[in-house]
Amino acid sequence: MDNERIYLDNAATTSLDAEVLNEMMPVLTDNFGNSSSIHSFGRDSLSLVDKSRDAIANFINAKSNEIYFTASGSEANSWAIIGIAYANRGKGNHIITSKIEHPSILNACKYLERNGFDVTYLDVDKNGFINFVELMHNIRSTTILISIMAANNELGTIQNIKAISQTAHERDIVFHTDCVQLLGHMSLDVVDLGIDAMSMSAHKINGPKGIGALYISNNVKIDPIVFGGNQERGKRGGTSNTAGIVGFGKAVEIVSRDMQTTNFKLKELSEYFIQKLSSNLENIQINANTHQKLAHIISITFTGVDGESLATKLDLNGVAVSTGSACSTNSISVSHVISAIGLTNDEARSTIRFSLGKNNNYEEIDKATAIITKCVNELREYSSTYSLKIRKHKETK
Amino acid sequence: MYSKMILNAFLNPKNTGRIMKPDGIASNFDSDNTQNVEFSIRVVDDVILDCQFRAQANPYVVAVCSMMTNMIKGQKVDELKLDVNEIYDKLGSDCDISFCLDCVNLMIEDYIDKQKKENKVAKTNNDDIPLEIKPEIITGEIVNENNETNEVVEEDKTDLDVDNTKEENENLDEKQKVNNEVTDDLTDDDFGIDFSDFFDDDVIE
């Protein structure tokens, strides 16, 4: 692959696996049929789509008819929130979510708020965990949906999904979880975990972009938000993205085959990365320093350094990272997740997210940490706040 | 995301650091308290011999500060003039830089305070008048890529006499016309100048 540049932004997206591409190529070239058509071209496509649906269903212990393909994880999230809210409107109009959700959840909730729904956004602690007492305290008789992300995209924090789902089910509330970041890093059993709806995306697990999926338990009512023909059992219109679906299925297959070794490697690499960086640089702060997290997502605050400047400098030196969240880099606003865990605006601006992937190796980490050290030192050399902050920090100690 | 010019200037910022025992120094935060800049000057015989900056700010602001220090150096302190249009011409207008301009004002205020403390009297025509210097900062129209808002940064012309202001405004109008055509994707060729030369230090003997 690319020998010059080092990609440390795998939480934003991952590279397409060669195996996945191989599986997709015939679909892009030969099996072009519309999976809804009755002729053999269509039937060929349909069987491929069904095979992928089965693979994904198997992986999360769901039934095949509970998997609905969407165009993205964001669509799956938006659909889950809006579709479940409207389908269960007769029961109530209250939704509970957290402050650190993906924008596709938060903005869908804001849309519902403008349309007569009431949404509670739960606070999180400094590691990004929601508070159970607060969750229970906020449940009302009108609560119809709780949506809490499984693993956070900026911190990696993994929530106690099972406990949340139990709380929801005891009160007959639907539980949805945004599982886009967690998928492929942990074995997921939707029945055991008590998940009613779960969003997934292919491009975070070395699959193709433009394909996501929503698992919806057959016991849960959901309204469609994309209308069309009878595709996806009439719940999600639009011609099936056969190549994408095939790629998603293959990516899931690979992930379920290699999950243990990949996770072990990612954990080792991440620990090496943190250890190396901590020994090279003073005054850095690892955010969400907990064991219950995705090891490969590492959020670090570099005291006295502007995150945007550092990310730009790193990019020009061949290291790709993200400031807070890849989705919010076009705006100057600080990351809502980093703010939610209690960092000041100033600290949030100094925070960078590194996310490692299965294609990274020790050599790259060595090279990357050396470049990061050099860039941080260069920026600190003319930082107007660094020396002052260090002095203040020492005084408070 | 950033133009080549901004990145060039960001990667090789000029005049970084803090002058030892400066004659004037100030630092300032932006409105969100997330970015900070600091300017310091050395003044000899009313002439700004050296101007340095430090910053914890995004690449655009670093580039702007680098350019501003070069513009400030060599000017007479009581006639200090900063034309923001010049900055927009070269670097575009990525984000609000009013906090950098305010910082220059604060630095000059600090210079005056220090002068007063040292009981130095200004070399003005009238020795009885206490030294009061207000830097003349010509602000330009922010060229917004999305054309959503064309904010005009608050103009700092309080100490200018009327005739002077008129002249400046005429100049400003002309410059704004040019400015409106400027986009963020400036290349060196657009202005027919070698950008690398632009950031060379002005050496004052």
Side-chain angles (χ1 to χ4, degrees), chain A residues 9 12 283 301-324 326-336 338-339 343-352 371 374-392, chain B residues 1-19 22 25-40 51-66 68-69 93-97 99-100 103-104 106-107 144-146 148 184:
Chain A
D9 200 14
N283 302 305
T301 305
F302 295 89
T303 307
V305 173
D306 182 78
E308 212 178 321
S309 274
L310 180 55
T312 308
K313 219 174 165 71
L314 289 175
D315 175 42
L316 295 168
N317 281 280
V319 180
V321 300
S322 174
T323 47
C327 302
S328 43
T329 42
N330 283 336
S331 57
I332 297 180
S333 62
V334 295
S335 146
H336 66 286
I338 303 297
S339 297
L343 267 64
T344 61
N345 276 358
D346 178 42
E347 287 168 323
R349 277 283 300 190
S350 300
T351 301
I352 292 275
I371 293 171
K374 187 185 118 225
C375 290
V376 169
N377 284 334
E378 277 173 15
L379 288 174
R380 277 179 177 173
E381 211 172 283
Y382 66 80
S383 165
S384 52
T385 56
Y386 182 58
S387 50
L388 188 72
K389 280 176 185 164
I390 300 309
R391 209 183 312 142
K392 271 189 184 168
Chain B
M1 192 178 167
Y2 292 107
S3 70
K4 223 166 85 182
M5 287 198 146
I6 297 172
L7 292 178
N8 270 339
F10 167 63
L11 277 187
N12 307 295
K14 304 294 177 194
N15 310 315
T16 57
R18 177 193 274 182
I19 292 170
I25 184 166
S27 83
N28 195 25
F29 278 98
D30 67 351
S31 52
D32 300 328
N33 252 1
T34 58
Q35 302 191 83
N36 180 275
V37 291
E38 176 200 275
F39 286 92
S40 54
C51 178
Q52 295 189 1
F53 83 98
R54 301 199 302 173
Q56 184 199 322
N58 71 34
Y60 174 70
V61 171
V62 171
V64 165
C65 290
S66 173
M68 274 166 66
T69 52
S93 53
D94 259 41
C95 68
D96 185 19
I97 54 164
F99 74 107
C100 307
C103 190
V104 173
L106 292 168
M107 174 183 72
N144 197 319
E145 211 180 0
N146 306 322
E148 279 167 1
D184 279 345

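Heavy-atom basis, side chains included; hydrogens, waters and symmetry copies ignored. Order of the sequence lines fixes the chain letters, A, B, ..., with proteins taken first and strands second; residue numbering starts at 1 for each chain. All values reported here derive from a predicted model rather than from experimental measurement.
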Per-residue contact mode, Val37(B) against chain A (heavy atom under 4.5 angstrom): backbone

Pair Lys389(A) + Asp346(A), salt bridge at N-O below 4.0 Å: yes

Audit row: Gln56(B), Gln35(B), side chain to side chain contact (heavy atoms under 4.5 Å, CB included) steps and yes/no: CA-CA 6 Å; Gln56(B) 184 199 322; Gln35(B) 302 191 83; over 6 Å; no

Side chain / backbone / both / neither for Ser350(A) at chain B, heavy atoms under 4.5 Å: side chain

Contact class of Asn33(B) relative to chain A, heavy atoms under 4.5 angstrom: backbone

Sidechain-backbone polar pair: Ser383(A) side chain, Gly304(A) backbone, donor-acceptor under 3.5 Å: yes

Atom group of Ser387(A) that falls short of 4.5 Å from chain B, counting heavy atoms: side chain

Approximate separation, where rounding is to 0.5 Å, of Leu11(B) CG and Leu316(A) CG: 5.0 Å

